[in-house]
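For the single chain, residues carry numbers from 1 onward in sequence order.
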Amino acid sequence: MWLLIPILVYSLIFLYVRHIYSYWRRKGFPHENASLRWSFLRAIYQREFHYNEAINSYYGVGKERFVGIYCFFRPILMIRDLSLARTLMENQAGHFNDTRWDYIRSYRKYNLLEKLSPLFANSRLEAMFRNVEKVSDHLVNKLNSTSGSMTTAAAASMVASAADSDYCIVDMQQLLRIYAVNIIANLIYGLDIDVFKQTDSVFLQYSNNAFQRSGINSYTFSRLPKKSSLTYRLRDIVQQNVELREDGATIRKDVMQLLVKFRNGNDIEVREKFNWHIENVFEREKVISIKKVARIAEYLLENGITTIASTAVFTLYEILKQPELMEKVRNEIKSAKAINGVKEKQQQPHQINYEQLKQMKLLDLCIQETTRKYPSVPTIERTCRKPYAIPNSKRTLNEGKSFVIPLLAIQRDGKYFQDPLAYKPQRFLHDSNGNPGEKFTEFGLGAKTCIAQNFVKLAVKQILVKLFSTYQMKLMPMSDFSVCYDDTPYIRSADGLRVGIKSGKVKFEL
């Protein structure tokens, strides 16, 4: 009698697992062969704990436009076709909306992030440009002070003199990551601080905590809600900042100022003449709470750090790998400084304005190529909110099921990009008819692109211009070099991104 109980339990577990792993076969979808063999279980394990790399590696198995796969106990539909991926992401019928950012105002439902897209319009970024430039100067000051104190014990762990030249070696991956944190602290949270000097900053602690968590947590675990004291500390910063701005004690041209204007129902739409002053209203008339403002700021912090840092790191890495490309970038910087009759000698050394930065088209192409080869979000996953009939097929994706787009694999597919593993910014040049050279997804797909992509490009272009204008640089040999995609692309090496820098005026050749 007692022997029958474990047999019954094991039988129920077996039937439950078999039912889950037969989902796509029962629904008539193209699917991978599911069994309880070791090879299948190993694949499931990889998708659970190395989600991005495992999903993208399975992209090349088969040729169907979509295929049903399994991530632990979750059936997921993988999209292999770029046009189908765009169709799904551009869907306007609410099948795949992210309900976390839905809010209701005047009995109408809005997506909060889409409503906030004017925050990152070009006219707004132009007004914020000097604050961005100030943050980039923080990194330059850090490099100058570090190279000037080469004999100290603290600097010895990060910087060492090159044996055969005047170059100093720095871990540019770490420095650019701190630069990204500094950008978010100054422009999103609205604080006038230098994170390079404030090593105990809550922003650095948050960044380090998120970076460590991404390396040890599985995809499923990372989706669980997290309680962190850092979140509450960030919320306190937001509350203090919001109260100062609503009282009129602080007016600063940054994203926080625009968030507070939105909270008070002020117009944030793009206008030729824009007033940064906040018209404060009664609390009951506020559009969103301070808690919601803090949540938006934390979302931009978490996603902005990884996007800005990875884009800047890999753009710098690829440019330094190609001396000819690096020389072209420097020449473009020299040319941009002289547009509209503004001569370089009339400006402070290494200083540019927003219009000059916009003229640097080669840097734009380099950033495009970086986000193609090293997308900051290697996979895009969406959950179906209501049954969706897949175009040009007889299949329907049911409510509650998810699809995943292996963005990294698609953007390295020779079907869409010629010589996909090569770094060729010129591939995106327009032809004589104005058509782009190759298909491109950039910061997301379709209508669901990153609302802050222009902000990211501005931050990345500014720091690259500052570095190439101020220093001579070269790529140094790195041990155990590899690129990891567990959460976002980063260089997995004990040395990080080793770059030799030498201060002094850079020689440009036109």
A.B. asks: Could you state the interatomic distance from CD1 (Ile451) to CG (Leu300), rounded to the nearest 0.5 Å?
C.D. replies: 6.5 Å
A.B. asks: Test your reading of the model: is there a side-chain donor-acceptor pair from Glu269 to the backbone of Pro118, 3.5 Å cut-off?
C.D. replies: no
A.B. asks: Would you please test Glu298 and Tyr206 for side chain to side chain donor-acceptor pair (under 3.5 Å) and show each step?
C.D. replies: CA-CA 10 Å; Glu298 186 175 356; Tyr206 186 95; 2.9 Å; yes
A.B. asks: Around atom CD of Glu279, are there more than 12 heavy atoms of other residues, nucleotides or ligands at under 6.0 Å?
C.D. replies: no
A.B. asks: Is the NZ or CZ atom of Arg492 positioned over Tyr485's six-membered ring, under 6.0 angstrom from the centre and within 45° of the axis?
C.D. replies: no
A.B. asks: Would you find a donor on one side and an acceptor on the other, under 3.5 Å apart, between the side chain of Gln462 and the backbone of Glu133?
C.D. replies: no
A.B. asks: Checking Arg47 against Tyr58: charged group under 6.0 Å from the ring centre and within 45 degrees of the axis?
C.D. replies: yes
A.B. asks: Under the side-chain hydrogen bond (donor to acceptor under 3.5 Å, both in side chains) rule, what pairs show up with a residue in residues 182-197, not counting sequence neighbours?
C.D. replies: Lys134-Asp192, His138-Asn182, Asn182-Asn186
A.B. asks: Show me the donor-acceptor pairs within less than 3.5 Å that the side chains of residues 288-296 make with the rest of the protein, sequence neighbours left out.
C.D. replies:
| from | atom 1 | to | atom 2 | distance (Å) |
| --- | --- | --- | --- | --- |
| Ser289 | OG | Lys292 | N | 3.2 |
| Arg295 | NH1 | Arg100 | O | 3.4 |
| Arg295 | NH2 | Arg100 | O | 3.4 |

A.B. asks: First locate atom CZ of Phe481, then atom CD1 of Ile491, and finally report the distance between them rounded to the nearest 0.5 Å.
C.D. replies: 4.5 Å
A.B. asks: Distance from Leu234 atom CG to Phe203 atom CZ, nearest 0.5 Å?
C.D. replies: 5.5 Å
A.B. asks: So which of Thr379, Ile79, Val377 actually passes side chain to side chain contact (heavy atoms under 4.5 Å, CB included) with Ile405?
C.D. replies: Ile79
A.B. asks: With sequence neighbours excluded, what pairs up with Tyr299 under the ring-ring contact (aromatic ring centres under 6.0 Å, His included) test?
C.D. replies: Trp101
A.B. asks: Can you tell me how far the OG atom of Ser117 sits from the CD1 atom of Ile268, to the nearest 0.5 Å?
C.D. replies: 7.5 Å
A.B. asks: Which residue pairs pass the side-chain hydrogen bond (donor to acceptor under 3.5 Å, both in side chains) test with at least one member in residues 240-251, sequence neighbours excluded?
C.D. replies: Gln239-Glu243, Asn241-Arg245, Arg245-Asp254, Arg245-Gln257, Glu246-Arg263, Glu246-Asn264, Glu246-Lys286
A.B. asks: Is the Lys NZ or Arg CZ of Lys261 less than 6.0 Å from the centre of Phe274's six-membered ring, within 45° of the axis?
C.D. replies: yes
A.B. asks: Is the backbone N or O of Ser402 less than 3.5 Å from a side-chain atom of Thr383, with the two atoms forming a donor-acceptor pair by type?
C.D. replies: no
A.B. asks: Rounded to the nearest 0.5 Å, how far does CD1 of Ile463 lie from CD1 of Ile183?
C.D. replies: 8.0 Å
A.B. asks: Is it true that a side-chain atom of Asn454 and a backbone atom of Asn122 form a donor plus acceptor pair closer than 3.5 Å?
C.D. replies: no
A.B. asks: Taking Gln322 for its side chain and Tyr423 for its backbone only, find out whether a donor-acceptor pair lies under 3.5 Å.
C.D. replies: yes
A.B. asks: Do the side chains of Asp364 and Lys457 get close enough for a salt bridge, i.e. N-O under 4.0 angstrom?
C.D. replies: no
A.B. asks: Cationic tip of Arg372 within the cone over Phe417's six-membered ring, i.e. under 6.0 Å and within 45° of the normal?
C.D. replies: yes
A.B. asks: So, using ring-ring contact (aromatic ring centres under 6.0 Å, His included) as the criterion, who are the partners of Tyr388 when residues are at least two apart?
C.D. replies: His95, Phe96
A.B. asks: Who passes ring-ring contact (aromatic ring centres under 6.0 Å, His included) against Tyr179, sequence neighbours left out?
C.D. replies: none
A.B. asks: Hey, is the main chain of Val140 close enough, under 3.5 Å, to the side chain of Lys466 for a donor-acceptor pair?
C.D. replies: no
A.B. asks: Pick one: which of Val202, Val135, Val181 meets side chain to side chain contact (heavy atoms under 4.5 Å, CB included) with Val195?
C.D. replies: Val181
A.B. asks: At what distance, to the nearest 0.5 angstrom, does OH of Tyr59 lie from CE of Met78?
C.D. replies: 9.5 Å
